[in-house]
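Everything quoted here is computed from the prediction, not taken from an experiment. A note on names: the letters A, B, ... follow the listed sequences, proteins ahead of strands, and every chain is numbered from 1.
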Amino acid sequence: GAGVSQSPSNKVTEKGKDVELRCDPISGHTALYWYRQRLGQGLEFLIYFQGNSAPDKSGLPSDRFSAERTGESVSTLTIQRTQQEDSAVYLCASSPGAGPLNTQYFGPGTRLTVL
Amino acid sequence: QQPVQSPQAVILREGEDAVINCSSSKALYSVHWYRQKHGEAPIFLMILLKGGEQKGHDKISASFNEKKQQSSLYLTASQLSYSGTYFCGTGVSGSARQLTFGSGTQLTVLP
C-alpha cells in the first residue's frame, strides 16, 4: 500500500509568516510522530500522537509550534510567526502501534526555508 | 538523552568492512537502525530487542549489548549502495513514547 506522504515537499516563507505542514500516515497506523532535521543533524523529536490518547508535546521547541491529528489519520504541524532558525526538513513517521518495538515508517519530509 | 554514535563519519572503499557504534546512558529495551540517503526519508534496517540475538540481513548485521547499553552495526563487504547516514534510535523500557535518535554516522563508499 501507500507509504507516508507529506505536503508540501518544499515550502519557502518569509520570516513572521505562519506555515502549515501536512502528513498522511499509513492507513491503520495508530501512532504518528513529527521530527525536525536541521542540515547535517540528527532527528529531533517534536510531537507524538497515539490513538485517542493525549499527544506527547514534550519535544515542541516553543509555543509557536502546534500540531493536530484527526482520529488516526491526517496530521498537521503549524508553525506560527516563523523564524529563520525554523528552517529545516520536517519529517513525519507513522507506526502500527506505540512503544519501542514498533518500526517507524518515514515520509519524504517537507523542506522549510524561512527567509 | 540522545544516544551517542561513533564514528561521526567514515569513508570506505567498496568491499571493505565498517562498524558503527551507538551508546546510551540509559537502560535500553530496543535499538533500531535506520539509513538515510541524501534528500530521502530514513529507511528502517533492523530492530534489536533486549535479550535478543544478533540480527542481520544481507551483509548488514547488528548486535545489542544490554550490559554496556550499546549496539553496533556491522557492514561487511560494503557496496556503493550502502552510502548514506546511519541513525540508531533507542527505546527505553516502559516508555510508550518515541525513539530517541542519535546524530548519525555518515558512511561514504567509494568505488
Side-chain angles (χ1 to χ4, degrees), chain A residues 2-7 9-10 23-26 29-60 67 75 88-111, chain B residues 1-6 8-9 20 22 24 26-52 55 57 62 64 66 69 71 84-108:
Chain A
V4 177
S5 61
Q6 292 185 243
S7 61
S9 55
N10 280 284
C23 171
D24 282 89
I26 294 173
H29 280 194
T30 61
L32 186 147
Y33 313 78
W34 282 98
Y35 294 91
R36 179 170 66 181
Q37 188 176 31
R38 291 196 166 109
L39 187 64
Q41 303 290 314
L43 302 170
E44 179 187 358
F45 166 75
L46 295 178
I47 188 169
Y48 158 67
F49 296 91
Q50 167 56 31
N52 295 319
S53 302
D56 178 348
K57 304 180 181 180
S58 59
L60 294 178
S75 175
V89 175
Y90 289 82
L91 289 163
C92 172
S94 70
S95 65
L101 303 181
N102 284 275
T103 299
Q104 295 185 25
Y105 297 85
F106 284 84
T110 293
R111 181 176 298 278
Chain B
Q1 270 191 336
Q2 188 180 37
V4 176
Q5 287 187 235
S6 62
Q8 289 185 320
I20 300 171
C22 173
S24 175
K26 294 191 173 185
L28 300 178
Y29 187 83
S30 66
V31 179
H32 302 228
W33 285 96
Y34 288 79
R35 176 173 63 209
Q36 184 180 32
K37 292 186 178 286
H38 183 69
E40 298 180 10
I43 301 294
F44 172 77
L45 292 176
M46 66 188 76
I47 178 175
L48 298 105
L49 307 178
K50 180 179 178 180
K55 289 204 170 183
H57 72 85
F64 180 18
E66 299 154 36
Q69 295 164 191
S71 175
T85 301
Y86 290 77
F87 293 98
C88 66
T90 54
V92 177
S93 179
S95 170
R97 197 186 176 221
Q98 79 304 335
L99 303 175
T100 304
F101 286 91
S103 56
T105 294
Q106 187 172 351
L107 181 80
T108 304

TODO: Would you mind checking which part of A:L43 comes under 4.5 Å of any heavy atom in chain B, side chain (CB onward), backbone (N, CA, C, O), both or neither?
DONE: both
Task: Heavy atoms of other groups near B:Q106 CD, more than 12 under 6.0 Å - done: no
- [ ] With a 4.5 angstrom heavy-atom cut-off, could you sort out which part of B:Q2 is near chain A: side chain, backbone, both or neither?
- [x] neither
TODO: Could you tell me which non-hydrogen atom of B:A41 sits nearest to which non-hydrogen atom of A:G107, and how far apart they are?
DONE: CB-O, 2.9 Å
Task: Nearest atoms (heavy-atom pairs only) where B:Y34 meets A:Q104 - done: OH-N, 2.9 Å
Task: With sequence neighbours excluded, residues passing ring-ring contact (aromatic ring centres under 6.0 Å, His included) with A:Y105 - done: A:H29
Open item on the list: Which atoms of A:Q6 are under 4.5 Å from chain B, going by heavy atoms: the side chain, the backbone, both sets, or neither?
Closed with: neither
Task: Among B:Q5, B:Q36, B:H38, residue most engaged with chain A (heavy-atom pairs, under 4.5 Å) - done: B:Q36
Open item on the list: Between A:F45 and B:F101, is the ring centroid distance below 6.0 Å?
Closed with: no
- [ ] Return the minimal non-hydrogen interatomic distance between A:Q37 and B:F87, and the atom names on each side.
- [x] NE2-CZ, 3.4 Å
Open item on the list: How about NZ on B:K26, more than 12 heavy atoms from neighbouring residues, nucleotides or ligands closer than 6.0 Å, or not?
Closed with: no
